[in-house]
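Working notes for the structure below.
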There are 2 protein chains.
Amino acid sequence: MHFFRGLQGCRNSNASSKQNSLNQGVISICKPKLKADQAKLLAAHKHSESERRRRMGINGQYATLRTILPNLIKMDKASVLAETIRRVRELKKAVEEVEEVCCTVPDVDDELRLEVGEDHEESAGLVLIKATLSCEDRPGLMLELINALKSVKRGVELRVVKAEMMTAGGRTKTVLWLRRRGAGSGGRGYEHDDDNEAILVMLRRTLKVVLAKRANGKC
Amino acid sequence: MHFFRGLQGCRNSNASSKQNSLNQGVISICKPKLKADQAKLLAAHKHSESERRRRMGINGQYATLRTILPNLIKMDKASVLAETIRRVRELKKAVEEVEEVCCTVPDVDDELRLEVGEDHEESAGLVLIKATLSCEDRPGLMLELINALKSVKRGVELRVVKAEMMTAGGRTKTVLWLRRRGAGSGGRGYEHDDDNEAILVMLRRTLKVVLAKRANGKC
DNA sequence: TTCAACACGTGAGAC
DNA sequence: TGTCTCACGTGTTGA
């Protein structure tokens with residue numbers, strides 16, 4: 001604790017007061033220039049008070065963070081900040097991942113993109129295809145897509161694992177996650193990359209037809 | 001600035017040094033108990049140094065936050081914390097909104113829920129229906145759903161605005177956002193709530209049939 | 001001038 | 001014991 005709390009009990013060796021000037025040994029320094037010193041004292045008081053307010057504000061925000069953040073083990077400021085940073089980054093990534101799919105504005109031009117997926121959790125050995133397509137919106141599009149997908153067989157079934165769709169401004173963006181499913185997952189593995197390539201080509205051609213339909217005014 | 005930076009230049013009124021003991025008026029306090037004081041001095045030095053390291057750590061984290069947060073107008077600590085709190089809450093809400101739909105585990109029991117949507121952006125006057133259904137996973141489910149939806153007409157078209165689907169552990173959760181579309185949005189408004197109610201009933205019955213299919217071992 | 005923001009060194013308490 | 005975290009009052013700087 002420092003010198004005063006609420007302007008009483010000053011024991012600063014520099015600051016002078018009528019009483020303290022009696023002290024032995026500290027005489028020459030503590031010549032009471034009364035008015036100036038009082039003003040200084042008041043200023044110091046104001047200063048420390050406003051600094052305290054500032055601290056309280058900041059500490060209140062730490063408290064808020066402590067209540068917001070889950071799984072907070074250590075409660076000290078550094079840990080709170082560290083966890084905050086971690087969480088902001090984590091959440092940002094999660095949101096971006098989703099936004100990429102269903103919250104972005106559909107592309108202005110028709111687009112079809114096929115991606116062979118990364119190894120997903122338990123889908124080891126299964127081929128995951130992500131099909132992203134943007135086009136003019138129209139009723140029955142999803143139905144057409146699914147019907148079209150049924151025609152891409154090549155011996156194995158193309159299974160829709162997940163589907164997302166969003167529309168904006170008369171255009172729509174659809175994302176389909178497809179999985180090749182053969183004669184049971186216990187059976188033989190999928191033949192070759194060549195085969196995958198062939199399926200991708202066929203898939204692309206098929207979906208393009210669906211996309212083109214409207215462009216030709218057929219719908 | 002306080003007393004020393006790097007152990008030189010101590011001018012503390014309590015701490016004594018050979019030179020300072022010459023000062024007039026501050027004699028009696030500054031009796032040099034040399035060894036004890038030197039130890040104290042060393043301890044104080046260590047203390048202030050480690051405290052500086054702590055501060056630097058925390059300030060580094062503030063710096064990180066400043067780089068992470070977009071649209072940061074004021075850069076002072078309080079503002080950084082405030083913006084951080086705002087952002088964490090914002091991101092959390094956004095993630096929750098999405099997770100509610102496509103990242104939650106599908107319900108263990110078959111479930112069908114219909115909700116008449118809140119007024120969405122530009123869809124004023126249009127009825128938005130959100131259909132959430134969980135059931136055992138099976139190929140072609142989406143196709144069946146869409147076909148089933150086509151049968152629910154009642155004069156107006158039920159349009160799939162958005163669709164999401166996720167599967168886990170052999171079960172799947174599907175969310176469909178439907179919109180009643182009549183004879184153009186410029187035409188007469190939709191008749192009555194009664195009519196909406198009737199559609200909901202019919203929709204529920206229709207979707208239930210799709211869900212029940214598998215339960216009866218028909219698939 | 002005042003005000004806000006900051007870094008600083010220190011004493012206290014926790015562990 | 002020492003080490004760590006915090007609140008405190010202060011000096012300083014820029015607006």
Side-chain angles (χ1 to χ4, degrees), chain A residues 1-17 20 26 29-30 33 35-67 69 72-85, chain B residues 1-17 20 26 29-30 33 35-67 69 72-85:
Chain A
M1 177 77 68
H2 270 236
F3 306 131
F4 55 83
R5 162 70 54 90
L7 213 43
Q8 84 284 17
C10 169
R11 286 178 280 107
N12 188 348
S13 57
N14 284 328
S16 61
S17 70
N20 283 351
V26 219
I29 296 179
C30 301
K33 308 169 234 169
K35 290 153 201 168
D37 282 4
Q38 274 181 10
K40 270 213 178 339
L41 216 61
L42 213 75
H45 174 60
K46 269 191 126 149
H47 185 28
S48 72
E49 277 267 289
S50 80
E51 177 65 10
R52 166 159 41 251
R53 276 199 303 275
R54 175 177 163 270
R55 270 192 310 255
M56 281 176 57
I58 291 180
N59 286 339
Q61 294 176 303
Y62 276 104
T64 305
L65 280 176
R66 278 185 260 259
T67 67
L69 297 173
L72 205 39
I73 313 154
K74 292 191 70 189
M75 286 300 200
D76 68 277
K77 294 184 179 179
S79 305
V80 170
L81 288 182
E83 177 64 12
T84 303
I85 292 171
Chain B
M1 176 74 72
H2 269 234
F3 306 134
F4 56 82
R5 163 69 56 87
L7 213 44
Q8 84 283 17
C10 170
R11 288 177 278 105
N12 189 345
S13 59
N14 285 326
S16 61
S17 72
N20 281 351
V26 220
I29 295 179
C30 299
K33 305 172 239 171
K35 290 156 202 168
D37 282 5
Q38 274 182 11
K40 271 213 182 333
L41 217 63
L42 213 76
H45 174 58
K46 266 190 130 153
H47 185 26
S48 72
E49 277 266 290
S50 79
E51 178 65 8
R52 164 156 46 249
R53 276 199 302 276
R54 176 177 161 271
R55 270 194 309 257
M56 281 175 58
I58 290 179
N59 287 338
Q61 294 176 303
Y62 276 103
T64 305
L65 281 177
R66 277 185 261 258
T67 67
L69 298 174
L72 205 38
I73 314 154
K74 293 192 66 187
M75 284 301 199
D76 68 278
K77 294 183 182 181
S79 305
V80 170
L81 288 182
E83 177 64 11
T84 302
I85 292 171

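Hydrogens, waters and symmetry mates are skipped; everything else that's a heavy atom, side chains included, is used. Protein chains get the first letters and strands the later ones, always in sequence-line order, with residue 1 at the start of each.
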### Task
Check the pair B:Glu49 / B:Lys46 against salt bridge (charged side-chain N to carboxylate O under 4.0 Å, His left out), numbers first and verdict last.
CA-CA 5 Å; B:Glu49 277 266 290; B:Lys46 266 190 130 153; over 6 Å; no
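Rounded to an integer number of Å, the gap from NE2 of B:His45 to P of D:dT3 is 14 Å. Atom pair A:Lys46:NZ and D:dG11:P shows a separation of 18 Å (rounding to whole Å applied). In this structure, B:Arg54 places its CZ atom 12 Å from P of C:dA7, rounding to the nearest Å. Here D:dT12 presents its C1' atom at 13 Å from NZ of A:Lys40, a figure rounded to the nearest Å.
Residue whose closest nucleotide on DNA chain C sits further toward the 5' end, between B:Arg55 and B:Met75: B:Met75.
Phosphate proximity of C:dA7 to B:Arg52: absent, as no side-chain N or O sits under 4.0 Å from OP1 or OP2.
Side-chain proximity of A:Lys77 to the nucleotides C:dC3, D:dT10, D:dC6 is greatest for D:dC6.
An end-to-end axis angle of 0° holds for the helix from C:dT2-D:dA15 to C:dC15-D:dG2, taken from five base pairs per end and rounded to 10°.
The stretch residues 57-67 of chain B does not touch DNA chain D, since none of its heavy atoms comes less than 4.0 Å from the strand.
Formation of a donor-acceptor pair under 3.5 Å by the A:Thr84 side chain with backbone atoms of A:Val80 is found in this model.
In terms of the salt bridge (Lys or Arg N to Asp or Glu O under 4.0 Å) criterion, residue partners of B:Arg54 (sequence neighbours excluded) are, by chain and number, B:Glu51. Not counting sequence neighbours, the partners of B:Ala78 by the side-chain contact (heavy atoms from CB on, under 4.5 Å) test are A:Ile58, A:Gln61, B:Asp76.
For A:Glu51 against C:dC6, a side-chain-to-base donor-acceptor contact under 3.5 Å is present. A donor-acceptor contact under 3.5 angstrom links the side-chain atoms of B:His47 to the base of C:dG11.
The heavy-atom pair separating A:Arg66 from A:Leu72 by the smallest distance is CA-CD2, 3.8 Å.
In this structure, B:Lys74 reaches the sugar-phosphate backbone alone: every heavy-atom distance under 4.0 Å involves primed, P, OP1 or OP2 atoms, never a base.
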